[in-house]
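Everything on this sheet refers to the single structure shown next.
When reading the values below, keep in mind they use all heavy atoms of this one structure, side chains included, and skip hydrogens, waters and symmetry mates. Position 1 is the first residue of the sequence, and the numbers go up from there. For ligands, and for the atoms within them, numbers begin at 1 and follow the listed sequence.
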Amino acid sequence: MSNWAHKHIIDLSSFSLEDYKEVLELAHRFKRLPQTGSRKLPALQGRLIATLFFEPSTRTRSSFELAAKKLSADVQSFTPSSSALIKGETPLDTVLTYVAMGAEVLVIRHRDTGVPAQLAKYLDQKNKKVSVLNGGDGLHSHPSQALLDLFTLTNYFDNSQGSPESLLGKTITIVGDILHSRVARSNLWSLTGCGANVILCGPQSLLPEDFSRFAEEPPSEQKEDPIKKRGKITICRSLKEALNNTDALITLRLQKERMSENLISNLNLYHEKYGITHQKLQWCEKKIPVLHPGPVNRGIEISSELLEDNSICLVAQQVSNGIPIRMALLYLLAAVNN
Ligand code: NCD
């Protein structure tokens with residue numbers, strides 16, 4: 001029986017180990033579907049899911065839409081440039097329009113931190129039977145990306161079960177533009193929540209010292225941390241030192257569009273110090289997998305050769321794993337509104 005208690009998924013600070021288990025187990029079942037001869041399930045037939053991306057997206061939006069279609073839901077998407085936003089309509093009125101059409105799950109991406117949470121709160125106050133799933137807000141949170149990263153890593157470490165426990169005591173390094181990354185913030189909740197220790201690696205301008213205390217306390221609106229013992233977060237400025245001591249690596253895009261000033265003066269120098277290449281991976285004690293949420297700046301945070309080396313780089317697996325993970329999330333949220 002499901003113990004699922006989340007009406008909305010805004011970030012992962014409120015996820016318990018049971019929540020991670022439930023999502024990963026469901027994703028496993030969905031991933032195995034083609035092997036059982038069924039490519040599509042009737043589970044959400046006739047239910048409406050809306051993808052409202054107020055900020056550009058390639059993989060997250062398509063992946064949510066495909067996931068919804070594989071569960072036989074009706075999917076309605078929205079493109080800001082050809083919508084009434086251009087005439088001055090607010091995100092709230094856009095959302096209410098889709099709710100009036102009967103949408104039961106809204107996947108919302110917005111460039112400003114907090115917008116999905118505010119919209120969810122408003123809909124709850126109005127007693128609307130609709131769930132909000134955060135598709136990425138500002139620098140705050142990107143839960144579905146962190147969950148698909150978790151799924152990819154647990155499958156790597158434990159290919160028969162892929163359970164969250166397989167991360168217990170492992171060390172995962174996240175390298176690059178952590179300051180501007182909502183993915184890294186969500187990764188920090190999920191990885192430490194499953195007992196992994198995280199090394200954050202990057203220059204001071206993209207990785208302030210206080211990130212080492214990131215997961216020490218839950219956000220103010222949350223009473224307590226559902227995880228009893230989280231893994232540790234440490235900061236390491238030297239990539240060589242970090243790699244010497246890690247079981248997996250997540251590298252991040254330099255997010256220039258989110259920088260208020262030019263924080264990186266020389267991209268070649270950045271690549272030299274923090275760009276991931278086959279050569280630098282020789283600093284690792286053993287063969288480790290490399291992940292990247294995409295989109296990628298080839299030759300800056302990762303070399304083209306490594307990006308295309310599927311024996312080490314799991315980017316393609318991350319993208320394909322995004323579909324069963326998002327099927328699991330949509331399935332769980334649609335069940336709350338039954
Ligand atoms: C990320 C995002 O939008 O936060 N991309 C994604 O969803 N796969 C990371 C990024 O923009 O660099």
Under 4.0 Å from a heavy atom of [X]: give me the atoms of ligand 1 that qualify, with their elements.
X	value
R109	3 (O), 7 (O)
P293	8 (N)
H142	2 (C), 4 (O), 6 (C), 7 (O)
V183	1 (C), 4 (O), 9 (C)

inquiry  = Please determine whether a side-chain nitrogen of the Lys or Arg among D247 and K286 lies less than 4.0 Å from a carboxylate oxygen of the Asp or Glu.
reply    =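 Salt bridge present between D247 and K286.
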
ask   = Using a heavy-atom cut-off of under 4.0 Å, does the side chain or the backbone of L252 touch ligand 1, or both, or neither?
value =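 No part of L252 comes within reach of ligand 1.
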
task = May I ask which of S186, S63, S141, G294 has a heavy atom nearer to atom 5 (N) of ligand 1 than the others do?
result =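 Shortest heavy-atom distance from atom 5 (N) of ligand 1: G294.
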
ask   = Between the side chain of N321 and the main-chain N/O of Q317, is any donor-acceptor distance below 3.5 Å?
value =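 Yes; judged by distance alone, with no hydrogens or angles, the pair exists.
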
ask   = Is there a donor-acceptor pair closer than 3.5 Å between any side-chain N or O of R230 and the backbone N or O of W189?
value =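 Yes, the answer is positive, given that a donor and an acceptor are paired below the 3.5 Å cut-off.
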
task = Start with the C-alpha distance between R61 and E65, add both sets of side-chain angles, then the distance that settles salt bridge (Lys or Arg N to Asp or Glu O under 4.0 Å), and finish with yes or no.
result = CA-CA 6 Å; R61 178 171 148 183; E65 291 174 3; 3.1 Å; yes

ask   = What pairs of residues pass the ring pair (Phe, Tyr, Trp, His ring centres under 6.0 Å) test when at least one of them lies in residues 100-119, not counting sequence neighbours?
value =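 Checked against ring pair (Phe, Tyr, Trp, His ring centres under 6.0 Å) - neighbours excluded - the pairs reaching residues 100-119 are F54-H110.
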
request  = May I ask whether E55 has any heavy atom positioned less than 4.0 angstrom from an atom of ligand 1?
outcome  =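 No heavy atom of E55 comes that close to ligand 1.
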
task = Using the test side chain to side chain contact (heavy atoms under 4.5 Å, CB included), find all partners of D74 that sit at least two apart in sequence or belong to another chain.
result =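 Only L48 meet the side chain to side chain contact (heavy atoms under 4.5 Å, CB included) criterion with D74.
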
